[in-house]
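To start, the structure under review is shown below, and the notes come after it.
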Amino acid sequence: MADPKGFLTTGREVAETRPVGERVKDWNEVYVPGSLLPIISKQAGRCMDCGIPFCHNGCPLGNLIPEWNDYAYREDWSAASERLHATNNFPEFTGRLCPAPCESACVLGINQPAVTIKNVEVSIIDKAWDSGDVTPQPPERLSGKTVAVIGSGPAGLAAAQQLTRAGHTVAVYERADRIGGLLRYGIPEFKMEKAHINRRIEQMRAEGTKFRTETEIGKDIDAAKLRRRYDAVVIAAGATVSRDLPVPGRELNGVHFAMEYLPLANKVQEGDLTVSPITAEGKHVVVIGGGDTGADCVGTAHRQGALSVTQLEIMPRPGEDRNANQPWPTFPMLYKVTSAHEEGGERVYSVSTTHFEGSAPEEGQTVGNVQALHLVEVEFKDGKLEQKPGTERSIPAQLVTLAMGFTGTDQANGLVQQFGLELDERGNVARDADYATNVGGVFVAGDAGRGQSLIVWAIAEGRSAARGVDRFLTGASALPAPIRPTDRSLAV
């Protein structure tokens with residue numbers, strides 16, 4: 001193990017963030033560059049090398065956490081990188097974006113602050129990139145089989161890299177103009193700079209993976225024709241249909257889905273736009289939805305110069321400690337203060353939007369601009385959400401973003417119909433234990449089959465689906481499959 005007394009002698013320290021006044025003026029990552037390395041080896045030494053490391057259960061990838069903690073403690077960064085990559089294709093993504101269910105399941109977390117697993121992970125991979133330990137791993141020989149991967153988010157990229165390394169010729173199709181899916185256009189630059197995606201894509205290109213951007217299967221290429229062109233197809237198109245809010249005034253200008261708002265801000269950072277067509281500058285902004293996507297909208301609005309930012313959540317405010325009905329090692333619902341929340345704004349819980357109020361249409365407009373949002377307080381009674389009489393009020397709103405999650409994979413582009421795919425009762429693409437759909441040779445991985453989930457689940461699904469494809473193409477597979485399609489998060 002690492003330091004036998006580390007958890008007794010060393011307290012928990014996390015990555016240092018840059019001052020708020022500095023970071024809201026740029027789009028760089030919020031953390032102080034290099035601040036982790038002076039402390040991370042001691043932090044890794046807090047790992048107890050438990051007899052039963054429940055962090056493995058918290059992480060669907062099955063990351064070998066005690067092993068790479070030990071190497072990090074000893075500052076054997078090459079060995080730590082090898083153990084990290086043994087289960088995770090993209091630790092630089094998860095180390096920045098995952099909410100770390102592994103830390104919720106850390107045995108030390110029963111009665112002490114958990115090991116900073118996520119910080120150790122990102123330190124190892126950043127060190128590996130800097131030292132040249134991350135290199136292309138092309139296959140020794142080609143199988144002669146071809147695979148198309150639809151979607152270039154974490155699930156699609158993981159499946160593509162695994163199948164390329166297994167010797168198959170893989171082409172990734174992405175409808176956007178750049179590779180990365182929601183990693184590219186859904187995650188703000190201040191959470192993960194896109195240089196991390198770019199260098200991983202270059203590694204995959206060097207291994208042999210081919211990429212086709214601005215190509216939407218179902219519209220630009222008929223799905224049935226694609227199936228005939230390739231020996232197998234992996235659908236990793238995500239769950240991209242945003243949950244709407246059908247209340248009066250929804251049609252007003254200035255009310256947008258989060259995934260209309262966030263990609264434009266990223267396109268400014270990519271240099272495609274000078275100013276976003278949807279900007280918070282000089283406006284009162286309201287974000288509906290209290291999750292991570294909502295927090296991304298909050299941080300983006302701060303950087304665009306919003307007059308005020310208010311985030312609404314229909315559920316009550318979570319506690320700062322575990323509830324009795326969410327015991328260790330489950331992933332608890334806790335009150336989180338993200339870097340975006342540190343930067344300002346107001347968070348309002350237990351409220352529901354009743355309607356939007358707008359101005360009269362200007363010349364050339366069919367509808368007016370949103371000016372205010374009307375809300376009411378709500379509470380649970382007998383298991384039902386009810387409005388509290390007399391609590392109605394309005395708040396100013398010239399920009400509203402809807403960040404209430406996603407309802408399923410896109411069916412409007414014809415992909416589902418053209419393949420002839422069956423859906424499950426939740427509207428996701430149905431699959432069997434090998435991630436195979438009802439159409440021969442067509443597999444599904446990630447949110448398209450699981451529904452909206454975390455990045456670690458997406459990568460785990462991509463890896464697992466790759467094994468199913470490899471078995472289909474060759475009759476056997478040595479690729480790992482960390483999860484089954486039916487596996488779910490560790491919860492009560």
Side-chain angles (χ1 to χ4, degrees), residues 97 99 150-156 174-176 181-187 216-219 223 234-251 255-264 278 286-297 311-315 331 333 351-356 378 384-385 400-431 435 437-438 444-458 461-462 465 485-489 491:
L97 304 177
I150 303 173
S152 67
E174 169 57 52
R175 62 183 177 181
L182 290 186
L183 292 173
R184 173 76 65 180
Y185 286 131
I187 302 297
E216 185 168 7
I217 307 304
K219 286 187 177 179
V234 179
I235 298 171
T240 56
V241 180
S242 299
R243 180 172 284 109
D244 209 342
L245 184 63
V247 299
R250 167 64 180 88
E251 74 285 355
V255 182
H256 301 276
F257 288 121
M259 295 313 301
E260 294 173 328
Y261 174 60
L262 294 172
L264 292 172
I278 305 175
V286 178
V287 178
I288 302 179
D292 288 338
T293 303
D296 293 344
C297 292
Q311 187 176 17
L312 307 182
E313 169 58 55
I314 197 169
M315 301 299 290
F331 190 68
M333 295 298 294
V351 293
S352 177
T353 301
T354 59
H355 63 283
F356 300 108
V378 294
K384 296 181 180 180
L385 204 60
V400 177
T401 59
L402 308 180
M404 303 179 297
F406 303 89
T407 60
T409 195
D410 188 359
Q411 297 185 45
N413 60 10
L415 183 150
V416 171
Q417 293 76 15
Q418 291 171 17
F419 270 126
L421 298 170
E422 293 179 357
L423 304 179
D424 63 19
E425 64 279 2
R426 299 170 60 207
N428 303 315
V429 180
R431 67 266 183 93
Y435 293 81
T437 70
N438 61 296
V444 62
D447 291 1
R450 175 170 292 272
Q452 179 184 346
S453 191
L454 304 177
I455 183 173
V456 279
W457 284 92
E461 288 231 347
T486 53
D487 288 344
R488 291 294 180 264
S489 301

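Start at 1 with the first residue, then count along the sequence. Since the model is a prediction, treat every value here as computed from it, not as a measurement.
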Which atoms form the tightest heavy-atom contact between [X] and [Y], and what is the distance?
X      : Y      : result
Tyr185 : Ala176 : CE1-CB, 4.0 Å
Ala155 : Gly446 : CB-CA, 3.7 Å
Met259 : Leu182 : CE-CD2, 3.3 Å
Ala258 : Pro263 : O-CD, 3.9 Å
Phe406 : Arg243 : O-NH2, 3.9 Å
Ser242 : Phe257 : CB-CD2, 3.4 Å

Any salt bridge (Lys or Arg N to Asp or Glu O under 4.0 Å) pairs touching residues 286-297, not counting sequence neighbours?
-> Lys191-Asp296, Asp292-Lys336
Quick one: which of Ile235, Asn428, Thr409 gives a side-chain contact (heavy atoms from CB on, under 4.5 Å) with Val444?
-> Ile235
Looking at Leu454, Leu183, Val456, which one forms a side-chain contact (heavy atoms from CB on, under 4.5 Å) with Leu97?
->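 Of all the options given, the one that passes is Leu183.
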Could you check if a side-chain atom of [X] sits within less than 4.5 angstrom of a side-chain atom of [Y], using non-hydrogen atoms only?
X      : Y      : answer
Ile288 : Met404 : yes
Phe356 : Val255 : yes
Ile217 : Gln418 : no
Thr401 : Leu262 : no
Asn438 : Leu421 : yes
Asp410 : Leu415 : no
Asp487 : Trp457 : yes

With sequence neighbours excluded, what pairs up with [X] under the side-chain hydrogen bond (donor to acceptor under 3.5 Å, both in side chains) test?
X      : answer
Arg250 : Asp244
Tyr261 : Gln304
Ser152 : Glu174
Glu216 : Arg175, Asn413

State which residues pass salt bridge (charged side-chain N to carboxylate O under 4.0 Å, His left out) with Asp424; sequence neighbours excluded, sorted by chain then number.
->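 Partners of Asp424 under the salt bridge (charged side-chain N to carboxylate O under 4.0 Å, His left out) test: none.
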side-chain contact (heavy atoms from CB on, under 4.5 Å) between Val287 and Leu312, intermediate numbers included | CA-CA 6 Å; Val287 178; Leu312 307 182; over 6 Å; no
Answer yes or no: is there a donor N or O on one side and an acceptor on the other, between the side chain of Arg426 and the main chain of Arg450, under 3.5 Å?
-> yes
Hey, could you give me the CD/CG distance between Glu260 and Leu402, rounded to the nearest 0.5 Å?
-> 8.5 Å
Mind checking the OG-CD spacing from Ser352 to Glu313? Nearest 0.5 Å is all I need.
->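 Here the rounded value is 10.5 Å.
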